[in-house]
Amino acid sequence: MAATRALGPAPSKTPDKPTDAAGQAPRRRPRAWRWADIAEFAGSAASALLLTWLIFDRFLPFRIQGVAFFVAWYALTLPIYWLVVRDGHGPVAARDRLASVLVTTGAAVALSPIFLVVGYVTYRGWSVIDFGFLAETMELTGPLSGADDGGLLHSLIGTLEQLGIATLIAVPLGVLTAVYLSEISGPLARPTRLVADAMTALPSIVAGLFVYSIVVIRTGWGFSGFAGSLALTILMLPTVTIAAEQVLRVVPGSLREAALALGSPYWRSVLLVVLPTARAGLATAVILGMARVVGETAPVLLTVGGTNILNVNPFSDYQDNIPLFVFNQIRSSKESFVDRAWGGALLLLALVLVLFVLARLAGGAGPGRRSRRKKGAAK
Amino acid sequence: MTTQESEAPVTGQPVGGTLRGVGVSAWFGARKVLEGVDIDMRAGVVTALIGPSGCGKSTFLRILNRMHELVPIATLGGSVLLDGDDIYGTALPITEVRRRIGMVFQKPNPFPAMTIGDNVMAGLRLTGRKTANREQLIEESLRRAGLWNEVRNRLGAPAGGLSGGQQQRLCIARSLAVRPDVLLMDEPCSALDPTSTRRIEETILELKDQLTIVIVTHNMQQAQRVSEHCAFFLAAEDEPGRVVEQGETEHIFGSPEDPRTADYVNGRFG
Ligand SMILES: Nc1ncnc2c1ncn2[C@@H]1O[C@H](COP(=O)(O)OP(=O)(O)OP(=O)(O)O)[C@@H](O)[C@H]1O
Ligand SMILES: [Mg+2]
C-alpha cells in the first residue's frame, strides 16, 4: 500500500519532463528549403542572366532578343547551378537539385498555357462585365452602341435552361446505365461499355447534326432550346456513365454482401447502400458531365439557332446560349461586339470554374470527412 | 470498465432455429472444395468450425445463408435444412432465408454512409419493413450486442468513427435487429485486439440462449471458450475439404479420436 502511494505522484511528474524538453528543442524539418538554398539558386540565375546579357549584347555581331534570350538564360542557369551545388554539397546533391529544377520547369511550362488563356480572357473580358451585361439582352443594341450597352441575359437564361434539361435527362440515364454496368453486369454490359467509351470521342458536331436532322427538320419542330438539350444530352451521357461506373466500382463488395446478408433484395441494396455510399463521387460525375458540355458550340449552333431576343421557353423557337453569343459577337468587325464576346467568354470560364470547384467539393466531402473521423478514432 | 456494464437480458426472443447441413458439397468452377459435410447446428448451441486455412469453412458457412451463390462460378450439392425446410427449396424465398440466417463477416463492414442508429435499422429498411418503435429496437439490438453503453450518446454520429471492435459489435447489432434465428460468424475477431475479442466473446455467450450461433475461428482457445459443439474441417492436398471429426467441444479438444484432429488442436500443424 505504502509503496503504491509513494509511487503514486512520481509517474505524474515524469511525463512532464519530456514534453518540456520537446518544447525547448528546436523543431527541424530536414526537407525544407533553407535560405541558403534559395540564395544559391537566385545567385546562379543572376549570374546566368548577366552572362546571357554579355553574350547577346556584347559578343554577338547581330541582335536576337525575346524568346532566344530567355532560352539561353535558362540553358546557362542549369550548368551554373549544378557547379554551385556540387561545390557546396557534392555531386549527388547537385544531380538531385538539377533534376528538381528540370521537373519544376516542366510543370510550369505545362501549366502556363492555362494561366495564359485564363489571364488573357480575364484581361479582355473584365471591363465588359457589369450588372447591365448580365441583365440586358441584345434586342435593342445596334451596331453603333458601345460595349457597355446590351448584354447576354438571353444567352445566360438559354445556357441554364438547356444545361438543366440536358442534366435532367442525362443523369438518370447515365446513373442507371452505370448501375447496370457495375451492379448487374448482364450480357449487354461489355457492348454497352464499349459504346459508351466510343461515344466520349463522338465529335460534338455529329451529335448536333443528328438532332438537327431528326428533331429540328424531320419532326418540323424547328430550332429550340430543347433540341439543343438533346444534342448536349448525347454528349453528356457517356461522360456521366463512365465516371459514375468507376465510382460505383470503388464501393467495397463487402457492403453489398452485408446488405444482402440482411435479407435485402438486390435492388434495395443498390438503392439504399451502394448509391448513398458513392454519393459524393456520383455528384462529381454529374458535374463533370455538365462541365463537358457547357461550352459546346457546334451542336447548339445547329439546334438552338441563336437569337438576340430573350426567349424563356426552351420548347419552341430560337434560343441563345453563351457559346453561341461569343461565336456571334466575335465574328463582327465592330470593336464593341468583340469586347462583348470576351465578356461572354469570361462568364463561360467562370461557369466552368464554378462547376469544377463544385465537383471538387462534392468529391472531397466524403473522404475528407471520413479521414478526419479516422484521425479522431485513432486518438 | 466497459466489460462490467450491465446489458439487461431481453426477454421474449425467439430461441433460435435448427440448421442442418446434409451432404453439402461445393465447387468453384471445376474444382471441388467441399465434400459430404453433415453438421447439425442445434438451437441455443454455439457451433464452432475449425480447421486449417483453405479447407472450406467459409465456403460452408456461406452456403448456410445462400451467400455462396453470389460467386458466379460457384455451385453446390446436398441440402441445408432450417427447422426442417430446405433453404434452397421453393418454400423459402431467398431474402427470407438470409433474413432468418444472419451473418457477421471477418472484417467489420458497417455502412459508411449511415449513422450508428441507421446502421442498426438498416436491415429493416433493406427488407422493406416498418417498426413502430425505432428507438426501442435500436437500444435493444445494441444492448444485445454489448455496444449500447458506448454509443448511446452518439447514435447520430457516422458509423465510420467507431473503433474496429465497436464496428464489429455494431455489425452484430445490425444483424440482430432483423431478429434472425441463426447467426453465422466468419472469424469475427480476427481483425480485432484482445480486449475487443473478449468483448465479442462475452456477447456471443450472452446471445447463445436467444439464437443459434455458428462461428468459424482459427483461435483454439476461443473455440473452447465459446462453443459447445465443434467440427474439424480438413482438406488434403488437391482434395476437397471434409469434416474429419465433430462432437462436443470438450471431447474434440480433450480426447479426439482422429490423430489429425489431435495434431491440429494441439498446434502441431495448420
Ligand atoms: N471466390 C472463389 N473462387 C474460387 N475459389 C475459391 C473462392 N473462394 C474460395 N475458393 C477456394 O475454396 C477453398 C476453400 O476456401 P474457404 O474460403 O472456404 O477456406 P477457409 O477454410 O475459410 O480458409 P480460411 O481459414 O483461410 O478463411 C480454397 O481452396 C479457396 O481457394
Ligand atoms: Mg475463411
Side-chain angles (χ1 to χ4, degrees), chain A residues 175 179 181-190 244 247-285 362-379, chain B residues 61-62 64-72 92-114 118-129 154 157-167 170-171 174-180 183-184 186:
Chain A
V175 172
V179 166
L181 292 181
S182 101
E183 304 301 312
I184 301 172
S185 58
L188 284 177
R190 273 171 63 96
V247 167
L248 291 183
R249 273 187 187 284
V250 182
V251 175
S254 63
L255 296 183
R256 297 187 180 89
E257 287 205 337
L260 293 177
L262 288 167
S264 161
Y266 207 92
W267 64 271
R268 265 190 214 270
S269 74
V270 170
L271 202 65
L272 296 178
V273 172
V274 177
L275 289 181
T277 305
R279 197 178 40 204
L282 290 176
T284 310
R369 247 186 295 133
R370 221 169 291 146
S371 64
R372 233 179 294 139
R373 259 186 262 143
K374 253 187 211 138
K375 263 179 231 150
K379 279 170 206 161
Chain B
L61 206 67
R62 289 167 62 87
L64 294 182
N65 73 338
R66 300 195 62 169
M67 298 298 282
H68 182 60
E69 62 208 60
L70 292 180
V71 180
L92 284 171
I94 183 165
T95 51
E96 182 65 10
V97 168
R98 290 189 181 139
R99 186 195 67 73
R100 287 180 60 187
I101 308 177
M103 187 158 196
V104 175
F105 296 82
Q106 181 171 357
K107 263 178 67 187
N109 52 5
F111 300 129
M114 298 184 192
D118 286 344
N119 259 283
V120 178
M121 298 305 291
L124 263 77
R125 273 186 78 203
L126 283 166
T127 49
R129 287 179 302 157
R154 45 174 175 150
L162 296 173
S163 77
Q166 291 173 330
Q167 288 188 12
L170 179 62
C171 293
R174 181 177 68 187
S175 299
L176 293 177
V178 294
R179 301 193 189 286
L183 191 60
L184 310 175
D186 192 354

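Below, read A as the first sequence line, B as the second, and so on, with proteins coming before strands; counting in each chain starts at 1.
Closest heavy-atom contact between A:Arg268 and B:Thr127: NE-C, 4.2 Å. When every heavy atom of A:Ala258 is checked against every heavy atom of B:Phe105, the shortest pair comes out as CA-CE1, 3.8 Å.
When heavy atoms are compared at a cutoff of 4.5 Å, B:Pro93 does not approach chain A at all. Within the 4.5 angstrom heavy-atom criterion, atoms from both the backbone and the side chain of B:Asn109 approach chain A. Only the backbone of B:Ile101 has a heavy atom closer than 4.5 Å to any heavy atom of chain A.
Side chains of B:Phe111 and A:Thr277 form no contact here, defined as non-hydrogen atoms less than 4.5 Å apart. Looking only at side-chain heavy atoms (C-beta outward), B:Met114 and A:Val273 come within less than 4.5 Å of each other.
Atom CG of B:Leu126 sits about 13.0 Å away from atom OH of A:Tyr266, to the nearest 0.5 Å.
Within a 6.0 Å sphere centred on CZ of A:Arg190, other residues, nucleotides and ligands contribute 12 heavy atoms or fewer.
Top candidate by heavy-atom pairs under 4.5 Å with chain B, chosen from A:Pro276, A:Ala259, A:Ser269, is A:Ala259. With respect to chain A, the highest number of heavy-atom pairs below 4.5 Å among B:Arg66, B:Met103, B:Met67 belongs to B:Met67. Taking chain A as the reference chain and counting heavy-atom pairs below 4.5 Å, the highest number among B:Glu96, B:Arg125, B:Gln166 is found for B:Arg125.
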